[in-house]
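Notes to accompany the following structure.
What you see is a predicted model, and the numbers here were worked out from it, not measured in a lab.
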Amino acid sequence: MQPFDLVIRGGTIATASDTMKADLGIRGSTIAAIGQGLDKGIKEIDARGKLVLPGGVDSHSHIEQLSASGLMNADTFQSATTAAAFGGTTTVVSFAAQHVGMSLKTVVDEYHQFAERGAVVDYAFHMILADPREEVLEKEVPPLVKAGHASLKVFMTYDRLKVDDEQLLNVLQSARDNGAMVCVHAENHGMISWMGKRLIKHGYVAPKFHAISHPRVCEPEAFTRLIACAALVDQPIMIFHVSTAEGAAVIRQARGSGQKIFAETCPQYLFMTKHDLDRPGLEGGKWMFSPPAREASDQEALWQALALGDLQVISSDHAPYAFDKSGKLMGGKKSTFKQIPNGMPGLEARLPVVFDEVVSNGRFDVSKFVEWTSTNPAKIYGLYPKKGTLAIGSDADIAIWDPKKRVTFSDKTVKDRAGYTPWKGRTVKGWPTTVLLRGEVLVSDDKLYAKPGSGQFLARKAGKAAEPLGRATVEFNPQRNFGAKLR
């Protein structure tokens with residue numbers, strides 16, 4: 001039998017369902033064997049005392065993305081995916097962001113060029129639709145979905161990005177027709193706009209008031225409206241970055257009634273509160289993202305929602321802006337919270353901060369960590385079992401974790417181009433010390449071994465997650481709508 005190219009020897013292998021002490025053998029780019037006492041490999045890695053986990057799948061990251069206001073975020077694909085690699089993430093799903101008036105195909109082609117020249121991990125794209133006009137949905141979306149871009153994203157807020165309810169329904173129907181998942185930033189735009197204007201009018205302009213400008217109620221209201229629209233069309237949805245207990249409760253109720261809804265949260269909602277924005281001057285702008293961090297009680301509600309399965313994914317929502325005039329301070333040193341770009345870096349820190357709480361602090365077991373940060377996103381977005389697990393035939397994307405290694409986050413050590421980390425001073429226990437991508441060492445001994453552009457595009461179908469339930473509502477049932485055929 002052909003020898004193994006690489007054997008990872010004596011580690012504790014963990015998947016979303018099992019934990020075992022075993023060797024793992026790799027041939028070429030895939031996993032060839034898992035067992036005890038595997039034959040010697042051409043190369044070997046001693047993983048005794050270490051955890052051998054699937055590489056992370058970060059399904060929500062903004063990379064080299066132009067905002068609707070014309071501001072480019074801080075990262076290139078090279079810098080962002082380098083940060084991902086050092087944090088144990090080997091697959092990213094970022095965005096190809098259409099703005100009003102743009103051709104979606106042209107946008108997707110441009111993002112492919114960005115990734116092809118810089119990415120060091122594997123990648124896929126969600127297509128952001130800010131202008132879902134008829135020609136885009138009928139002529140551009142179908143071939144792009146067939147080409148492997150099997151998820152669409154829309155915003156229900158932001159002046160230059162938001163879709164109204166009719167546009168939302170059009171996108172949901174297009175996704176259903178073409179076999180795509182729909183991901184949604186769901187907040188009530190009117191409430192946010194109204195509150196923001198009132199705060200500014202009364203002189204409340206510091207970054208901390210960003211948290212007040214997004215009322216808690218704007219999340220469950222938008223979730224309820226979105227879920228109703230999805231139910232009418234019979235289209236599965238992914239709700240991004242859930243931040244409140246009330247929002248999680250709406251999802252729980254809808255899933256309990258049998259609706260096909262997926263949802264995620266992020267480390268910032270599990271570990272930060274609105275008080276992180278309350279800092280001198282504009283410093284709090286580093287902790288401005290939308291929806292904002294909430295209360296400590298929301299953190300516990302989100303952990304419970306993860307445990308119950310109401311939320312299935314922990315993503316980063318990586319959206320880096322430097323703390324200078326090229327980013328957060330583009331409006332000057334007297335910027336109001338409405339002038340400071342929203343977003344925080346998170347690709348590198350996502351896995352370590354979650355590992356520290358889930359595994360090191362014993363909140364859950366290591367299989368839950370793998371499930372929420374790798375396996376579930378891979379399944380939901382059509383990447384499994386190629387990505388997201390350790391199984392024979394899967395890509396050999398592997399993160400070897402030292403569960404005893406302690407690391408303190410510092411602005412001096414960040415790999416992305418934001419230039420700072422919102423986790424500064426936080427010490428975590430557990431760190432990925434060796435990371436492999438398709439059987440090749442990507443990171444080891446704090447060094448990157450991949451060349452820019454070595455990451456591969458992952459064409460994908462949406463898979464079972466995006467399959468409609470097949471429940472025709474009254475309005476779409478010819479037997480109950482006077483014979484109208486609307487499918």
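Between D445 and K447 no salt bridge is recorded (no basic side-chain N to carboxylate O distance below 4.0 Å). A salt bridge links E348 with K415: the distance from a Lys NZ or Arg NE/NH1/NH2 to an Asp or Glu carboxylate oxygen falls below 4.0 Å. For E467 and K461, the salt-bridge test fails: no basic side-chain N is under 4.0 Å from an acidic carboxylate O. With respect to the salt-bridge test (charged N to carboxylate O, under 4.0 angstrom), the residues D324 and K328 do not qualify. Between K424 and D411, at least one side-chain N (NZ, or NE/NH1/NH2) sits under 4.0 Å from a carboxylate O, which counts as a salt bridge. With respect to the salt-bridge test (charged N to carboxylate O, under 4.0 angstrom), the residues K43 and D5 do not qualify.
A tilted orientation is assigned to the rings of W423 and F409, their planes being inclined by 30° to 60°. Aromatic ring pairs are classed by plane angle as parallel below 30°, tilted from 30° to 60° and perpendicular above 60°; the pair F457 and Y123 is tilted.
For the pair R406 and W431, the cation does not sit on the ring face, since its NZ or CZ is not both under 6.0 Å from the ring centre and inside 45° of the axis. Cation-pi geometry between K286 and Y420 is met: the NZ or CZ atom falls under 6.0 Å from the ring centre, inside 45° of the normal.
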Handout entry: side chain to side chain contact (heavy atoms under 4.5 Å, CB included) assessment of F95 paired with F125
Key = CA-CA 5 Å; F95 298 93; F125 294 110; over 6 Å; no
Problem - Audit row: R48, D46, salt bridge (Lys or Arg N to Asp or Glu O under 4.0 Å) steps and yes/no - result: CA-CA 6 Å; R48 288 175 296 180; D46 183 355; 2.6 Å; yes
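A side-chain donor-acceptor contact under 3.5 Å links S103 and E140. Judged by distance alone, the side chains of S315 and E264 do bring a donor and an acceptor atom under 3.5 Å apart. A donor-acceptor pair shorter than 3.5 Å cannot be found between the side chains of T90 and R438. Looking only at atom types and distance, the side chain of E187 has a donor-acceptor partner in the side chain of H185 under 3.5 Å away. Residues D75 and H62 have side chains that never bring a donor and an acceptor to within less than 3.5 angstrom of each other. Side chains of S79 and T76: a donor on one and an acceptor on the other come within 3.5 Å.
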